[in-house]
Amino acid sequence: MKFGVIVFPGSSGDLDAYHLVKDILGAPVEYIWHEERSVQGFDCLLLPGGSSYGNYLRGGALARYSPVVSAVVDFAHQGGLVLGIANGFQVLTEAGLLPGTLYTNTDTRFRCHFTTLRVENTETPFTRNLDRKQLLSIPIAHDEGNYYVDAATLQKLEANGQIVFRYADQNGQTTEEANPNGSVSNIAGVCNETRNVLGMMPHPERAGEAVLGSTDGLTIFKSIIKYWEGRQ
Amino acid sequence: MWRAEIKVLLKPSILDPQGQAAEKTLAAMGYAEVDQVRVGKYLEVTFSAPDRAAAEAKVQELCTRLLVNTVIEDYTFTLVEVAS
């Protein structure tokens, strides 16, 4: 299975994602420049963190209209696996592949630290190796990660099982203190209705080696590979 | 040519962290009379359109497709005819 890492001007998590897939997982991976119009030959696309196009106007707003994102949208509509991390998550909401939006953290600060995520849904290609309510230690690094959806959409997400990760404390409780950015209902990651597109603010690609403090992010990538192999 | 003067503000129902931070600082500075601060954006777009109705429709298109995140933001605009 071949991974593609989308690179926008201003991406910074692209090297981390590439490194994890190539050096830790040992899977084939290539960078895909934002001017590319085709993503043919790839099985899973990673939209990395960073500040695409300087995050001018809004995070992800300009990247959404880059040529490669049109190809990503088509790929997703055909069932292709897409994982958007942090700024990549913002691009996916701007592109309409995921519901809601992300804006300024309630404390207006850039938050850069480990968070505890509670796995809410294991019936996705990204979480099938995980247990429901399992806790993962995965870092965040953002100042615009405050996830918002209106009440009606939140109900729909709950009913459809589209909430994949929530910020929790060490006991698995989704407390206000465990919520680093003010996200509605402690939401850290959501998927689309068909569950082939996942967006998350925390950085699993930065939690793949013990030397970095956690290997919990690896389980997400291993789930993707297991899912893909099961389909072949 | 037309110039659209566009104001973008978070919807009233959306918490405004930047506005709250500015509000708290004004209070700390002694401005007890300040009730609320909301922080938004102001944009000017100059463009051509055959008439005012077409210009208004164009501004709405530009706003909803790119300039405004309608999930959390509202916008208002005024149109000024300018020499081309």
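This one's a predicted model, so the numbers in the text were calculated from it and none came from an experiment.
Annotation for Glu44(B): atom CD counts as buried by contact number, over 12 foreign heavy atoms lying within 6.0 Å. More than 12 heavy-atom neighbours from other residues, nucleotides or ligands sit within 6.0 angstrom of NZ on Lys133(A). For Lys58(B), the NZ atom counts as loosely surrounded, since its 6.0 Å shell holds 12 or fewer non-hydrogen atoms of other residues, nucleotides or ligands. Around OH of Tyr42(B), the count of heavy atoms belonging to other residues, nucleotides or ligands within 6.0 Å exceeds 12. Other residues, nucleotides and ligands place no more than 12 heavy atoms under 6.0 Å from the CD atom of Gln170(A). Within a 6.0 Å radius of CD in Gln36(B), other residues, nucleotides and ligands contribute more than 12 heavy atoms. Annotation: Lys11(B), atom NZ; neighbour count of heavy atoms from other residues, nucleotides and ligands within 6.0 Å is above 12. No more than 12 heavy atoms of other residues, nucleotides or ligands shown are found within 6.0 angstrom of CZ on Arg65(B).
Using a 4.5 Å cut-off between heavy atoms, Asn105(A) touches chain B through its backbone atoms (N, CA, C, O) alone. Residue Val39(B) does not touch chain A at all, counting heavy-atom pairs closer than 4.5 Å.
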Does the pair Leu15(B) and Tyr148(A) meet the rule for a side-chain contact (heavy atoms from CB on, under 4.5 Å), with working shown? CA-CA 10 Å; Leu15(B) 180 81; Tyr148(A) 174 81; over 6 Å; no
Walk me through whether Leu43(B) and Leu57(A) qualify under side-chain contact (heavy atoms from CB on, under 4.5 Å). CA-CA 10 Å; Leu43(B) 303 95; Leu57(A) 195 62; 4.2 Å; yes
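Taken to the nearest 0.5 Å, the OG1 atom of Thr104(A) stands 7.5 Å off from the CD1 atom of Ile72(B). Distance OG1/Thr108(A) to CD/Gln18(B): 7.5 Å, rounded to 0.5 Å.
Considering every non-hydrogen atom in both Asn69(B) and Glu94(A), the closest pair reads ND2-OE2, 4.0 Å. Nearest approach of Thr106(A) to Pro17(B), heavy atoms of both residues: O-CB, 3.6 Å. Taking both residues in full, the closest heavy atoms of Ala61(A) and Leu66(B) are given as O-CD1, 3.5 Å, listed atom of the first, atom of the second, then distance.
With hydrogens and angles disregarded, a donor-acceptor distance shorter than 3.5 Å links the side chain of Arg58(A) to the backbone of Leu67(B).
No side-chain heavy atom of Val149(A) sits less than 4.5 Å from a side-chain heavy atom of Val71(B).
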